[in-house]
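These notes are about the structure you will find just below.
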Amino acid sequence: MTTVVIVGAGPTGLTLACGLARQGVAVRIIEKADAFPTGSRGKTLNPRSLEVLADLGIGEQLAAAGRTHLPFRKYFAGAFVNETEPFADARPSAGVPYPAGLWLPQTRVERLLRERLAGYGVTVELATELVDFTQDGDGVEVRLADGGRIAAGYLVACDGGRSTVRKLLGIPFVGDGDPEPMMVCGDVEVEGLDRGAWHQWFGPEGVFMLCPFEGTRRWQLQATPETDTDGRTVPPSLESFRRLAALHTGRSDLRLTAATWLSTWRVNVRVAERYRSGRALLAGDCAHVHPTAGGLGMNTGIQDAWNLAWKLGYVARGLAAPALLDTYQEERRPIAAWTLDVSTAGMAAVGEGLSTPGIGVEAGRVGDLTGLALGYPWSRLAAADLGGPVRAGDRAPDAVHPGPDGTPGRLFDHFAGDHFTLLGLGPGARPALTARAVPDHDVRAVALDDPDGSVRRSYGITGDALVLVRPDHHVALAVPATGRADVLDYLAALR
């Protein structure tokens, strides 16, 4: 029997499927569309998502497909004003291997995740639509449009803002939205424009933006919609895009062709009242939708899946009690609330900047959008800490840690996988790291002599200590080197 059935094969569903399949959990991922999408849609992975996807084994492929540094070339009323690059000075450090985001179309992210998933023997089942399901204490039964049925232990909905699963569960989607589109979007080819920058025209008429994609001829177009004589939004089309280009740029030498993925975007700010109902869970856009400012949509979904994957895998494998799944909502719903607040404020800041020469979409960066500062210090899974800057529940920093033979290495190399990692800082922690001291096959013990103090500096720890890191790279607890019993109690409580 299938252990987990995932509905929806976007970045959220694919990340979750990879995280489960890597643990050996029997998973099926179904998608009602007949073919994989070709439109660019989301176009930025933030640093935290890059850490997640690198752990899943596609970091190098992503880096090869995208670009890290992209200048913002800004115009006002058609005239060039300035050029900025928000991450121009961002460089990797001991604790942060990915200090800047990566620009690439969502379709490329999905393709790489599908390839990774296929390596575990799992493929996306296209043209497979959930129409109903039932659940009881033993599992769920999914009913498909073609009359087929899938029996599974758990169901996870990753089927977008109009989620069928969420509606069937009767979970309210709280918030509001505008009935009229705020933006038209599409993928186009452009002649006469430098591909070395994201071109952003602001002015009294609104906004018109063209963002290039590395290694392709495509650009993503985003613009304030045209309206007809009755004030109604004109549907996106190549002809409309050309008129918008002429209106905002004032240029006659730009040639737009090959328009695909014609779409509109409406302001919608909503969050599900709960993320779990029995054996059914929600993740990604079906749990929360928000403005595009800051590029948090794809990233928040990926990080939902990352949080859920280890927990659902542990429960399915009998390594944790089902109550562990309650911590998914406990940890991720406050992050969704933060995301809605910061993206709404960012959208307002961009709107205010329309009338100011030199302002571009970076005005929407009203908070830390890297994802690196987001943690779960309020969670029941956040136990003791030593009072330093890294609290229980926070993202565990990376650090340089050479191997036994002196070869280069990093803490993230030890974290990679689906296990807890027990870091032992200093000789006083060695006795707690032996197999006899930590008799749990899902804990990797790592002794850190840390002669230059770099790891202690990253974690804000002095002296010898034990740091237990969760499979999703968040600190579970940090205790003195004599705190082996605290570690064992924490692990036992999961069961």
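The model shown is predicted, which means the values in this text are computed figures rather than measured ones. Every heavy atom of this structure was used, including side-chain atoms; hydrogens, water molecules and symmetry mates were not.
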Could you tell me whether the side chain of [X] and the main chain of [Y] form a donor-acceptor pair under 3.5 Å?
X: Arg251; Y: Gly192; answer: yes
X: Asn307; Y: Asp304; answer: no
X: Thr128; Y: Leu126; answer: yes
X: Asn46; Y: Gly101; answer: no
X: Asp132; Y: Arg143; answer: no
X: Trp306; Y: Gly19; answer: no
X: Glu189; Y: Ala258; answer: no
X: Lys74; Y: Gly358; answer: yes
X: Thr224; Y: Val207; answer: yes
X: Arg48; Y: Ala373; answer: no

Determine whether more than 12 heavy atoms belonging to other residues, nucleotides or ligands lie under 6.0 Å from atom [atom1] of [X].
X: Asp146; atom1: CG; answer: yes
X: Arg162; atom1: CZ; answer: no
X: Arg217; atom1: CZ; answer: no
X: Arg255; atom1: CZ; answer: no

May I ask you to test the [X]-[Y] pair for a side-chain heavy-atom distance under 4.5 Å?
X: Leu144; Y: Ile30; value: yes
X: Leu70; Y: Cys211; value: yes
X: Thr339; Y: His288; value: no
X: Ile150; Y: Leu130; value: no
X: Leu262; Y: Pro235; value: no
X: Trp261; Y: Leu221; value: no
X: Val25; Y: Leu312; value: no
X: Thr370; Y: Val96; value: no

Less than 4.0 angstrom from a charged side-chain N to a carboxylate O is my criterion; do [X] and [Y] meet it?
X: Glu110; Y: Arg41; answer: yes
X: Arg242; Y: Glu239; answer: no
X: Arg470; Y: Glu331; answer: yes

Test side chain to side chain contact (heavy atoms under 4.5 Å, CB included), reference Val156, set Val4, Val7, Val5, output is Val4
As a quick check of understanding, evaluate side-chain contact (heavy atoms from CB on, under 4.5 Å) for Leu372 and Glu51, giving each step before the final call. CA-CA 9 Å; Leu372 301 177; Glu51 292 179 353; 3.5 Å; yes
Which heavy atom of [X] sits nearest to which heavy atom of [Y], and what is that distance?
X: Leu308; Y: Leu325; value: CD1-CD2, 4.3 Å
X: Pro105; Y: Arg218; value: CG-NH2, 3.9 Å
X: Pro225; Y: Val184; value: CB-CG1, 3.9 Å
X: Val390; Y: Ser458; value: CG2-O, 3.5 Å
X: Ala272; Y: Leu282; value: CB-CD1, 3.8 Å
X: Ala90; Y: Ala100; value: CB-CB, 4.0 Å

Quick check with a 6.0 Å cut-off and a 45 degree axis cone: is Arg276 positioned over the face of Tyr328's six-membered ring?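 No, Arg276 and Tyr328 do not form such a contact.
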When you measure from the centre of the six-membered ring of Phe36, is the NZ or CZ of Arg114 under 6.0 Å away and within 45° of the axis?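 Because its charged atom sits under 6.0 Å from the ring centre and within 45° of the axis, Arg114 does stack over Phe36.
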His473 and Phe412: aromatic ring centres closer than 6.0 Å? yes
Measure the [atom1]-[atom2] distance between [X] and [Y] for me, rounded to the nearest 0.5 Å.
X: Cys18; Y: Asp55; atom1: SG; atom2: CG; value: 11.5 Å
X: Thr15; Y: Leu53; atom1: OG1; atom2: CG; value: 5.5 Å
X: Trp201; Y: Leu210; atom1: CH2; atom2: CG; value: 5.0 Å
X: Leu62; Y: Tyr98; atom1: CG; atom2: OH; value: 8.5 Å
X: Leu168; Y: Leu155; atom1: CG; atom2: CG; value: 9.5 Å
X: Phe87; Y: His69; atom1: CZ; atom2: NE2; value: 9.5 Å

Hydrogens and angles aside, do [X] and [Y] bring a side-chain donor and acceptor to less than 3.5 Å of each other?
X: Arg266; Y: Asn268; result: no
X: Tyr376; Y: Arg332; result: yes
X: Trp310; Y: Asp472; result: yes

In terms of the angle between their ring planes, are [X] and [Y] parallel, tilted or perpendicular, with boundaries placed at 30° and 60°?
X: His199; Y: Trp219; value: tilted
X: His401; Y: His414; value: tilted
X: His248; Y: Phe208; value: parallel

Tyr314 and Gln23: CA distance, side-chain angles, deciding distance, side-chain contact (heavy atoms from CB on, under 4.5 Å) verdict: CA-CA 9 Å; Tyr314 268 50; Gln23 297 179 67; 3.8 Å; yes
Would you check, one step at a time, whether the test side-chain contact (heavy atoms from CB on, under 4.5 Å) holds for Leu369 with Asn299? CA-CA 10 Å; Leu369 305 181; Asn299 293 285; over 6 Å; no
Walk me through whether Thr216 and Arg195 qualify under side-chain contact (heavy atoms from CB on, under 4.5 Å). CA-CA 10 Å; Thr216 76; Arg195 294 187 61 86; 4.0 Å; yes
Using the test side chain to side chain contact (heavy atoms under 4.5 Å, CB included), find all partners of Thr12 that sit at least two apart in sequence or belong to another chain. Cys158, Ala283, Ala305
Which residue pairs pass the salt bridge (Lys or Arg N to Asp or Glu O under 4.0 Å) test with at least one member in residues 26-38, sequence neighbours excluded? Arg28-Glu125
